[in-house]
Amino acid sequence: HFSTSLKKKDAMILALAKEIQLRSKNTSNFQFPTSSQETIETIYFGGGTPTILKYHQLEQIFRTIKENFTLHDDYEWTLETTLHNLSNNKIELFNRYGDNRLSIGIQTFSNNGRNFLNRTFSQSNVIEKIDELKNSFKGLVCSDIIYNYAVQEIEEVIEDANFVKS
């Protein structure tokens with residue numbers, strides 16, 4: 001198990017907001033739109049679990065994106081998350097700002113695997129939370145699954161595939 005230091009997250013949020021603003025004004029060296037008529041087609045907010053941030057911090061980032069970039073009519077805005085970092089307030093925030101895809105680090109539905117991988121929630125809790133999320137989140141809900149971890153049995157692989165399929 002690992003831990004993440006959150007001591008400087010407010011400073012990081014301010015720096016990220018400033019970076020977003022700067023990139024929106026000087027995009028010549030990047031693969032970003034270069035004029036106000038061009039649009040962003042994809043936003044991927046991940047590389048970990050950005051939903052570890054508090055509501056107001058996420059809102060500051062989302063607001064800065066919306067204020068500085070125009071989104072394409074058919075854009076995709078993905079957030080990486082885990083189930084234990086989600087709240088009804090955050091889901092409402094995602095819906096309000098137009099986030100339309102959640103990539104949830106389920107890793108496995110197997111209780112044996114969830115224990116081995118140090119994941120929160122049991123299989124039944126995960127299924128219940130995903131069902132709730134599908135009813136409250138307006139976008140696509142995707143599951144990240146890990147295969148071939150040390151204690152995994154072939155039956156668990158099949159079970160995971162069946163859960164994701166359903």
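Being a predicted model, the structure only gives us computed values, none of them experimental.
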Beyond-backbone contact of [X] with [Y], side-chain heavy atoms, under 4.5 angstrom:
X	Y	value
Arg101	Tyr44	yes
Gln123	Ser110	no
Thr81	Lys90	no
Val157	Gln152	yes
Asp10	Gln57	yes
Gln107	Phe116	no
Tyr147	Asp160	yes

[X]: partners by side chain to side chain donor-acceptor pair (under 3.5 Å), with sequence neighbours left out:
X	answer
Gln60	none
Asn115	none
Asp144	Ser103

Among [options], which residue satisfies the side chain to side chain contact (heavy atoms under 4.5 Å, CB included) criterion with [X]?
X	options	answer
Leu83	Ile104, Thr51, Thr120, Asn125	Ile104
Glu59	Leu93, Asn89, Thr64	Leu93
Ile106	Ile146, Ile130, Ile127, Thr82	Ile130

Atom [atom1] of residue position [X] - does it have more than 12 heavy atoms of other residues, nucleotides or ligands inside 6.0 Å?
X	atom1	value
Lys66	NZ	yes
Asp74	CG	no
Lys9	NZ	yes

Between [atom1] of [X] and [atom2] of [Y], what distance do you get to the nearest 0.5 Å?
X	Y	atom1	atom2	answer
Arg119	His84	CZ	NE2	7.0 Å
Ile61	Ile20	CD1	CD1	6.5 Å
Lys165	Ser143	NZ	OG	15.0 Å
Arg63	His56	CZ	NE2	10.5 Å
Thr108	Phe163	OG1	CZ	9.5 Å
Glu132	Leu86	CD	CG	11.0 Å

| task | Give the C-alpha distance, both sets of side-chain angles, the deciding distance and a yes or no for side-chain contact (heavy atoms from CB on, under 4.5 Å) between Phe69 and Ile43. | result | CA-CA 11 Å; Phe69 288 101; Ile43 297 172; over 6 Å; no

In the single-linkage hydrophobic clustering (I, L, V, M, F, W, Y; side-chain heavy atoms under 4.5 Å), do [X] and [Y] co-cluster?
X	Y	value
Leu140	Val164	no
Leu14	Ile52	no
Tyr55	Leu79	yes

| query | Going by the angle between their ring planes, with limits at 30° and 60°, are Trp77 and Phe62 parallel, tilted or perpendicular? | reply |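 Perpendicular.
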
| request: Could you walk me through whether Phe109 and Asn162 pass the side-chain contact (heavy atoms from CB on, under 4.5 Å) test, one step at a time? | output: CA-CA 10 Å; Phe109 288 89; Asn162 286 329; over 6 Å; no

| Please walk me through it: do Arg114 and Val126 pass side-chain contact (heavy atoms from CB on, under 4.5 Å)? | CA-CA 10 Å; Arg114 295 189 65 71; Val126 169; 3.4 Å; yes

| Would a distance-only check, ignoring hydrogens and angles, find a side-chain to backbone donor-acceptor pair under 3.5 Å from Asp99 to Phe137? |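 Flag not set: sc Asp99 to bb Phe137 has no pair under 3.5 Å.
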
